[in-house]
Amino acid sequence: MAAQKPSIPKGTRDFGPIEMVRRNYIFNTVQKVFKKYGYLPLETPAMENLSTLLGKYGEEGDKLLFRVLNSGNFLSKVPDEKSLQNAPSLVNLITEKGLKYDLTVPFARYVVQHRNDITFPFKRYQIQPVWRADRPQKGRYREFFQCDVDVIGSKSLLSEVELIQITDEVFSILGINVKIKINNRKVLAGVAEMMGQADQMMKITIAIDKIDKIGIEKVNEELISSGIPPDAVDKLQPVLTFSGLRNEKLVLLRGLLSDSEIGMQGVCELEMVFDYLSGFDLKSEVEIDLSLARGLNYYTGAILEVEALDVNIGSICGGGRYDDLTGIFGLKDVSGVGISFGADRIYDVMLQSDLFPLDLAQTTRLMFVNFGKEEERFCLDVLAKVRNAGISAEIYPDHVKMKKQMSYANNKNVEFVAMVGENEMAEGKISLKNMESGEQEKLSVKELIAKLSVE
RNA sequence: GUGGAUGUAGCUCAGUUGGUUAGAGUACUGGAUUGUGGUUCCAGGGGUCGCCGGUUCAAAUCCGGUCUUCCACCCCA
């Protein structure tokens, strides 16, 4: 039988030791910050029922769900031959589970399902993989990790402010230069209302979003050709040329949206968030960006997105407020807000900008060369003492050529190599070699531990 | 889902208008060096040329299909 070529599914990746060490550095960093702000961990299953997932991410999102084929005789629910010809409806008959698409919707499901055990406001973080049947490309994978922080059960804008602080703190620890972009769905709704096109909010937002790419004129053309009346498009122009300092923007918006109740509400929210933020010393720039739309259609208030300034990879973090996500599952009037850090893109950014600390690569600090059975016994005893002193150490498991043992230590970035042969055993000492400088000295066990403990 | 590129040794890549037994660097193994790695020198193993089919006396090379990876759009982390 011919050996099959080993492979993994499209858009998925293996993470080797170096990658894992680096990924864990990211996970540990965000986790530490999340904890510091009072968030608690949560995990939900890889699979959810499709009824939980469908309809929450818009039409596009539904298409990108990975569906899990029913077990057993999955065709038993298919009524007749004819149904087999219609793929879209067939798929609903033979699948009832799907891989989770994000962490927020399963979180909302969890909150509703366990509402009696939860004290609100509920602050949780969640670091897990999610799956999307997207076509992979740069910074886009079919399996990727999100690090979510959400607070649910409070309408306070303090939560938005806290999330911005968290974001700022995480990226400043990681050393990534970012711009935090903020917008508000209510402002966008107000803009649509001001144009007299309240029901076309999404269409208008998407068009505004393209302004950097295709320019103001094309945006206008696109709007008119999609059925927005020209006079309404005229009213949009001040929004399209929107620029200036934060306060100027807010004044401008105030004037523009004065007739829209919901719009004014959005502006007030933005102002309050900035008012709170003015008391903090943030490292990152926080900017109002009206072109920020965000596709997930459950957002209702503030929306946030973080862009890396030094690497072009799309957003590395995003989120917002959702007023009624739990309502779909039967728990009304519970507002939540959260953000999601895209671990994989953060990894890519840090790799490109060379931001990972160098000492991450190090594992074993001390390796004992194996000289044979008797020496092994002697070393094992020392090894235990060294390990108990909190120093990560190992012994080469086989008595093979020294050259091989030394290259093993070299490739593994081991800091020191201990050599114990007949002479050393007789003296009760250990020859310690510094792999970087090449220096060598004879030490007692006590001196050895002392030397390695200082550094 | 739409459009464009790509695939040769574990990895990075050469390979002429189709023409002997498909190469290099690196990694690996052994030796120079039986108690010293990262430098050097020598030798060695390792390839269904992504897969299937077609054209041809002859295909890594030309044609068709298919898959993979990458890039852009869409969308997003």
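Because the structure is a prediction, the values reported are computed rather than measured. Reminder, nothing fancy here: chain letters follow the sequence lines and each chain counts from 1.
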Original post:
Partner of B/U12 by Watson-Crick or G-U wobble geometry, both contacts under 3.5 Å, or none?
Top reply: B/A24

**OP:** Sticking with atom C1', work out how far B/C57 lies from B/C11, rounded to a whole angstrom.
**Re:** 38 Å

Original post:
Contact class for A/Gly319 vs. all strands (heavy atom < 4.0 Å): base, sugar-phosphate, or nothing?
Top reply: nothing

Original post:
What's the closest nucleotide to the A/Arg135 side chain, out of B/G35, B/U2, B/C76?
Top reply: B/U2

Subject >> Shortest side-chain distance from A/Lys401, nucleotide among B/G30, B/A77, B/U29 >> reply: B/G30

Original post:
For A/Glu59, which contact category applies under a 4.0 Å heavy-atom criterion: base, sugar-phosphate, or nothing?
Top reply: nothing

Original post:
Quick one: which of B/U29, B/C74, B/U36 gets closest to the side chain of A/Met402?
Top reply: B/U36

**OP:** With heavy atoms under 4.0 Å as the rule, sort A/Gln440 into base, sugar-phosphate or nothing.
**Re:** base

**OP:** With P as the reference atom in both, quote the distance from B/C13 to B/G50 in angstrom, rounded to an integer.
**Re:** 15 Å

**OP:** Between B/A59 and B/C52, how far apart are the P atoms? Round to whole Å, please.
**Re:** 15 Å

**OP:** Whole angstrom is fine here: how far is it from CD in A/Gln405 over to P in B/U33?
**Re:** 20 Å

**OP:** Grab the CD1-P distance between A/Ile8 and B/U68 for me, whole Å please.
**Re:** 13 Å

Subject >> Among B/U68, B/G1, B/C76, the nucleotide that comes nearest once only the side chain of A/Lys10 is considered >> reply: B/U68

Subject >> Who pairs with B/U40 - Watson-Crick or G-U, where each distance is under 3.5 Å >> reply: B/A32

Original post:
In whole Å, what is the span from the NZ atom of A/Lys181 to the P atom of B/C76?
Top reply: 13 Å

Original post:
What does B/C70 pair with, Watson-Crick or G-U, if both distances are under 3.5 Å?
Top reply: B/G4

Original post:
If we take the C1' atom in both B/G3 and B/A77, what is their distance in whole Å?
Top reply: 24 Å

Original post:
The side chain of A/Arg132 lies closest to which of these nucleotides: B/C76, B/G37, B/A72?
Top reply: B/C76

**OP:** In whole angstrom, give me the gap between the C1' atoms of B/G46 and B/G25.
**Re:** 15 Å

Original post:
Quick one: do the A/Asp289 and A/Asn183 side chains pair a donor with an acceptor below 3.5 Å?
Top reply: no

**OP:** Compare the aromatic ring of A/Phe144 with the six-membered base ring of B/A77 and state whether they stack according to the 5.5 Å and 30° rule.
**Re:** yes

Original post:
Would you say A/Lys138 reaches B/A72's phosphate, i.e. side-chain N/O to OP1/OP2 under 4.0 Å?
Top reply: no

Subject >> Closest to side chain of A/Ser431, choosing from B/G30, B/A72, B/G35 >> reply: B/G35

Original post:
Please give, in whole Å, the distance from B/C71 P to A/Ile313 CD1?
Top reply: 9 Å

Original post:
Expressed in whole Å, how much space separates the P atoms belonging to B/G31 and B/G38?
Top reply: 14 Å

Subject >> Ion pair A/Asp344/A/Arg23, N-O distance below 4.0 Å >> reply: yes

Subject >> Euclidean distance, atom NZ of residue A/Lys403 to atom P of B/U40 [Å, nearest integer] >> reply: 12 Å

Subject >> Nucleotide nearest A/Gln137 (side chain, heavy atoms from C-beta), chosen from B/U36, B/C71, B/C76 >> reply: B/C71

Original post:
Would you find more than 12 non-hydrogen atoms of other residues, nucleotides or ligands less than 6.0 Å from A/Glu422 atom CD?
Top reply: no

Subject >> Whole-Å C1' distance, B/U21 and B/U12 >> reply: 25 Å

**OP:** With heavy atoms under 4.0 Å as the rule, sort A/Gln146 into base, sugar-phosphate or nothing.
**Re:** sugar-phosphate

**OP:** Can you tell me the pairing partner of B/C76 across any strand shown, Watson-Crick or G-U wobble, with both distances under 3.5 angstrom?
**Re:** none

Original post:
Between A/Phe34 and A/Phe341, does the ring centre distance come in under 6.0 Å?
Top reply: yes

Original post:
How long is the line joining CZ of A/Arg13 and C1' of B/U68, in whole Å?
Top reply: 17 Å

**OP:** Hey, which sits more toward the 5' end of RNA chain B by its nearest nucleotide, A/Met419 or A/Pro136?
**Re:** A/Met419

**OP:** Return yes if a side-chain donor-acceptor contact under 3.5 Å exists between A/Asp148 and A/Tyr125, otherwise no.
**Re:** no

**OP:** Looking at every strand, decide which applies to A/Glu422 at a 4.0 Å heavy-atom threshold: base, sugar-phosphate, or nothing.
**Re:** base

Original post:
Between A/Glu162 and A/Tyr39, do the side chains contain an N or O donor and an N or O acceptor separated by less than 3.5 Å?
Top reply: yes

Original post:
Say you pick atom P in B/C51 and the same atom in B/C67; how far apart are they, in whole Å?
Top reply: 15 Å

Subject >> Passing candidate, side chain to side chain donor-acceptor pair (under 3.5 Å) with A/Ser431, options A/Glu441, A/Glu424, A/Lys442 >> reply: A/Glu424

Original post:
In whole Å, what is the span from the CD atom of A/Glu439 to the P atom of B/G37?
Top reply: 17 Å

Subject >> Protein-nucleotide distance (A/Lys404, atom NZ; B/G38, atom P), rounded to Å >> reply: 13 Å

**OP:** Look at all strands and tell whether A/Tyr141 reaches a base, only sugar-phosphate, or nothing, counting heavy atoms closer than 4.0 Å.
**Re:** base

**OP:** Starting from the C-alpha separation in whole Å, work towards a yes-or-no answer on side chain to side chain contact (heavy atoms under 4.5 Å, CB included) for A/Ser154 and A/Phe122.
**Re:** CA-CA 8 Å; A/Ser154 162; A/Phe122 181 46; over 6 Å; no

**OP:** Check every atom of B/C75, B/G35, B/G37 against the side chain of A/Asn410 and return the nucleotide holding the closest atom.
**Re:** B/G37

Original post:
How is A/Gly139 classified with respect to the nucleic acid when contacts are heavy atoms under 4.0 Å: base, sugar-phosphate, or nothing?
Top reply: base

Subject >> Proximal nucleotide (of B/G37, B/G35, B/C75) relative to the A/Phe371 side chain >> reply: B/G35

